[in-house]
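Note sheet for the following structure.
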Amino acid sequence: MQNLNNKTNKSGIGAATLVFIGIFVFTMIIALLNAPTMGGPRVMASVSTYLEEVRQTAIPFMIAVGLVAITIAFLAAREVRKVWSNRKKRSELFTGYAFISPYLLVTMTFTIGVILFALYISFTNYDIFTRPTWAGLKNYEDAFKGFTDSTKRAFLQSLYNVFWYSIIVVPLQTFLAILLAVLLNAPVKFKQFFRTIFYSPSVTSSVVITLIFVWFYLKGGYANYFLQSLLGLVGIDFTPINWLGDPRGLIQLIVEAFGGKIPSTQWYLRGPSIAWMAIMFQNIYTTIPTFMIMFLAALQDINPALYEAAKIDGASGTQLFRKVTLPLLRPIILLVVVLGTIGTLQVFDQVYLATKGGPLNTSLTPVFLIFQEALGTTGPIRMGYASALAFILAVIIFTFTFIQRRFLEKGTELY
Amino acid sequence: METLANRSSLPLRTLHRRKPAHYYIKFVLRYFLLIVIGFLMFSPFILAMLGTFKTDLEITAFPPKFLPEVWHWENWSRVWNTDIGQGGTFPRWMFNTAFLAITISVSQVVFCSMAAYAFARLKFAGQNAVFNFMLATMMIPGAVTLIPAYVLMTKLHLINSFWSLILPGLVSAGGIFTLTQFFRSIPKDLEEAAFLDGATHMQIFRIVILPLARPAILTVLILQFQGMWNAFLQPLLYLNSPDHYVLNVALSIFQQQYKSQWNLTLVGAMFNAIPIMILFFIFSRYYIEGVAYAGVKG
């Protein structure tokens, strides 16, 4: 008995050591990949030049990650030793980590590692070809320089644009999605068929839909034709609009209708441009169906007895909707609003395909700006600046989600 | 007792008598709305489809005509045979997209379901920590990883290689989460019996869980397939030689090259839309369930 215990103990220590070394080596390989080096094609020409580069620029980083790796590896090794003598626990531990190891490797390399790298380069000046130089908070300051320097207002303008975008798109798409879901939830024949048809805009890629809409929005396209014939019925003369090329803002149009004028120095008073609103319309059209399906599923989960009870109490149709359906949908509304906001703050495809940020930057979005800066399509490559913008955007997204959660979750626990 | 029953049946009877007129107005209105909205939702595809048969002049003429004057079927073969140089053709792009979408969705199913089994059925140290960590990473907006991932791909010499999309797409937090929730809802009795018979976890996973979880797995498979088929930003960054384009990226290039020939661009768009539409019509149940599931349980 003593002998056997000794044996398992010994093999336990052996396994623990192996686990320790394995985890440490893997973490260091991932760290090496994401080490803050200049990384351009020249350095990566061979492994030795890259290692030399790491030695020169990333020793502190490697030491820091090394310490973390040792801690994790130590904890894991201790756990392995502890459960070694128990066959069931041992097999669960090893199978468990074997099964989640693909996920851990991928996420550590392509999410956590790269975020650390991005955090580092956001404090540097970095074009992928030369060594990053430390810049401190300059990139973050530059992002907000637009308040004083009108030539650098691109980021502020992009934030302004997506702000309008969320304000208009999120409530509209949520509202319309609920309406469609209620309509489909009623007892109708061919429900499957209608559901499939309604859902089709969400199936195809945004590239396809955007291209089709760009074609609609041509000066001689269906959008103008449709409006012209529709307004012609009521006797209003309609001059075709160059939908995707019109920088006039919504508020600007209203003010001008009353004979006022907003100068271009006060661009922030002009509101979303016609081009931007055209893209909003297209986006609403593509996202409604996804959210409609979510609402539909939630509606089907509602216990019919609740409606029966309310009907017996003499509730009318609208009362039923307002007092029974809406409160029960609240968690889903929260989810849809949050998802919608996250999505709208990161619009890219539509802008890239339809307007490239124009006219007069009125459809510029943060992600499109990040893309431009990182690839240097409009100037020098500024990876550091682009990363800083990405982090600012992430903070804004987190803040919005948090506020919405607090705001919309209030009262949900009542039901 | 009798009087009470009579009293309560009285309003019911009046309701019943009033029902027909009410019912038919609602009935007609409901179907009218459904058909109008259905038509609105589908009209872009119909108009685009009709547009693919028009001539270069017809497609941008004002006022636009609904039907093409002469049906130019050759537009389709023209686009199919277009070569933008360096091996960039539509069959090639279609193959690239399908290859990536299939590879990624299959690997997602394999790795996500394995991880989901670990989370749903096993008990090991650090399990909850990793699961919560995974939920937290789902909150990270994609914009943050965009640039550093691009730098990493450059370092690894993976730009213009399909690996740049396959490696990060091997497994995803969202897929694991959906499958974990589903696995948790499967009763445990079967596995316990198998475990008593001396089956290993790998065997239980393969023989007991996977067959039971087929609908959920199909859902993840289809959603991931669609996700990759429709992906745009990452392929745009990583794959930039014409023989490596995916359909979406190729389409945006194609549109820039044939700026005024919208009939050709629309054919390209249809090449992109039709396969995914067909897939959707076949599997619409799983599709819709997947989206709904993500909403209700997420």
Side-chain angles (χ1 to χ4, degrees), chain A residues 33-34 39 44 79 91-93 95-96 99-100 102-103 106-107 110-111 114-115 117-118 128 183 186 188 194-201 203-205 207-208 211-212 215 218 220 222 225 290 293-294 297-298 301 332 335 342 346 348-349 353 367 370 374 383 386-387 390-391 393-394 397, chain B residues 30 33-34 38 41-42 44 47-48 60-64 111 114-115 117-118 122-125 127 130 137 140-152 154-155 157 168 170-171 176 201 230 232-233 248 251-252 255 262 265 269 272-273 276-277 280-281 284 288 291-292 295-296 298:
Chain A
L33 284 178
N34 288 298
M44 277 307 292
E79 191 60 35
S91 90
E92 290 211 354
L93 184 75
T95 330
F99 277 15
I100 62 173
Y103 167 71
V106 167
T107 200
F110 295 105
T111 308
V114 297
I115 285 178
F117 180 75
I128 205 160
L183 186 66
V188 284
F194 282 119
R195 203 174 59 171
T196 310
I197 291 291
F198 279 27
Y199 192 64
S200 51
V203 180
T204 33
S205 82
V207 176
V208 170
L211 283 181
I212 294 177
W215 174 56
L218 291 178
Y222 278 101
Y225 175 67
T290 311
I293 294 292
M294 290 189 182
D301 272 4
I332 295 292
L335 182 83
I342 294 176
Q346 300 190 75
F348 175 81
D349 303 3
L353 289 162
V367 179
I370 290 167
M383 293 270 177
S387 300
F391 276 103
L393 180 66
I397 290 175
Chain B
R30 190 177 290 151
L33 268 178
L34 279 174
M41 292 313 239
F42 209 67
L47 292 176
T60 44
F62 193 83
F111 292 123
M114 271 164 57
Y117 177 78
L122 302 176
K123 251 208 162 83
F124 51 91
Q127 183 184 29
V130 178
T137 59
I140 297 171
V144 179
T145 54
L146 198 65
I147 301 153
Y150 174 70
V151 176
L152 179 62
T154 327
K155 278 186 198 173
H157 291 270
L170 282 177
V171 53
I176 296 178
H201 283 297
N230 291 346
F232 180 61
L233 182 48
N248 275 334
L251 207 52
S252 72
Q255 193 257 326
W262 274 97
T265 304
N272 191 343
I276 199 79
M277 285 280 221
F280 168 65
F281 285 129
S284 73
I288 282 168
V291 177
V296 175

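Below, each value reflects all heavy atoms present in this structure, side chains not excepted, and no hydrogens, waters or symmetry copies. Chain letters run A, B, ... following the sequence lines, proteins first, then strands; residues in each count from 1.
- B:Phe42 is not listed as a side-chain neighbour of A:Phe198, based on a closest heavy-atom distance of 4.5 Å or more.
- Minimum interatomic distance between B:Ala118 and A:Gly96 (heavy atoms only, all atoms of both residues): CB-O, 3.8 Å.
- Proximity of B:Lys155 to A:Phe117: side-chain heavy atoms (C-beta onward) are separated by under 4.5 Å at one or more points.
- B:Leu152 places a side-chain heavy atom less than 4.5 Å from the side chain of A:Phe110.
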Test A:Leu218 against B:Trp262 for side chain to side chain contact (heavy atoms under 4.5 Å, CB included), laying out the working first.
CA-CA 10 Å; A:Leu218 291 178; B:Trp262 274 97; 3.6 Å; yes
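- The structure places OG1 of A:Thr196 at 5.0 Å from CZ of B:Phe280, a figure rounded to the nearest 0.5 Å.
- Contacts of A:Leu93 with chain B are made by both backbone and side-chain atoms, with heavy-atom separations under 4.5 Å.
- B:Leu251 is listed as a side-chain neighbour of A:Val208, based on a closest heavy-atom distance under 4.5 Å.
- Here the closest heavy-atom approach between residue B:Met41 and residue A:Pro201 is recorded as O-CG, 3.6 Å.
- Interface remark: A:Ile397 contributes side-chain atoms only to the contact with chain B (heavy atom separation under 4.5 Å).
- Only the side chain of B:Ile176 comes within less than 4.5 Å of a heavy atom of chain A; its backbone N, CA, C and O stay farther away.
- Formation of a donor-acceptor pair under 3.5 Å by the B:Asn230 side chain with backbone atoms of A:Val203 is found in this model.
- Contact tally against chain A (heavy-atom pairs below 4.5 Å) for B:Gly38, B:Ala143, B:Gly142, B:Pro168: the top residue is B:Pro168.
- In this structure, B:Tyr150 and A:Met383 have side chains that are in contact, with non-hydrogen atoms separated by less than 4.5 Å.
- Ranked by heavy-atom pairs shorter than 4.5 Å toward chain A, the options B:Leu47, B:Ile140, B:Val130, B:Leu33 are led by B:Leu47.
- A:Ile197 CD1 to B:Leu34 CG: the interatomic distance, rounded to the nearest 0.5 Å, is 11.5 Å.
- In this structure, the side chain of B:Gln255 does not engage the main chain of A:Leu211 through any donor-acceptor pair within 3.5 Å.
- A:Ile212 approaches B:Ala48 most closely through the heavy-atom pair CD1-CB, 3.6 Å.
- Residue B:Thr137 touches chain A through its side chain alone, counting heavy-atom pairs closer than 4.5 Å.
- Atom-to-atom distance recorded for B:Phe281:CZ and A:Tyr199:OH is 12.5 Å, nearest 0.5 angstrom.
- In this structure, B:Pro148 and A:Ile115 have side chains that are not in contact, with every pair of non-hydrogen atoms separated by 4.5 Å or more.
- In terms of modelled atom types and a separation under 3.5 Å, the side chain of A:Glu92 and the main chain of B:Lys123 share a donor-acceptor contact.
- In terms of non-hydrogen atom pairs under 4.5 Å with chain B, the most contact-rich of A:Val367, A:Asp349, A:Thr111 is A:Asp349.
- Contacts of B:Ile276 with chain A are made by both backbone and side-chain atoms, with heavy-atom separations under 4.5 Å.
- Heavy atoms closer than 4.5 Å to chain B are found nowhere in A:Ile342, neither backbone nor side chain.
- Rounding to the nearest 0.5 Å places CZ of B:Phe111 at 14.0 Å from CD1 of A:Ile100.
- By number of non-hydrogen pairs under 4.5 angstrom with chain B, the leading residue of A:Leu33, A:Leu393, A:Leu353 is A:Leu33.
- Proximity to chain B involves both the backbone and the side chain of A:Tyr225, based on heavy atoms less than 4.5 angstrom apart.
- The CH2 atom of A:Trp215 lies 10.0 Å from the OG1 atom of B:Thr60; values are rounded to the nearest 0.5 Å.
- Separating the OG atom in A:Ser387 from the CG atom in B:Leu146 is a distance of 9.5 Å, to the nearest 0.5 Å.
- In terms of non-hydrogen atom pairs under 4.5 Å with chain B, the most contact-rich of A:Ala118, A:Ala374, A:Ser200 is A:Ser200.
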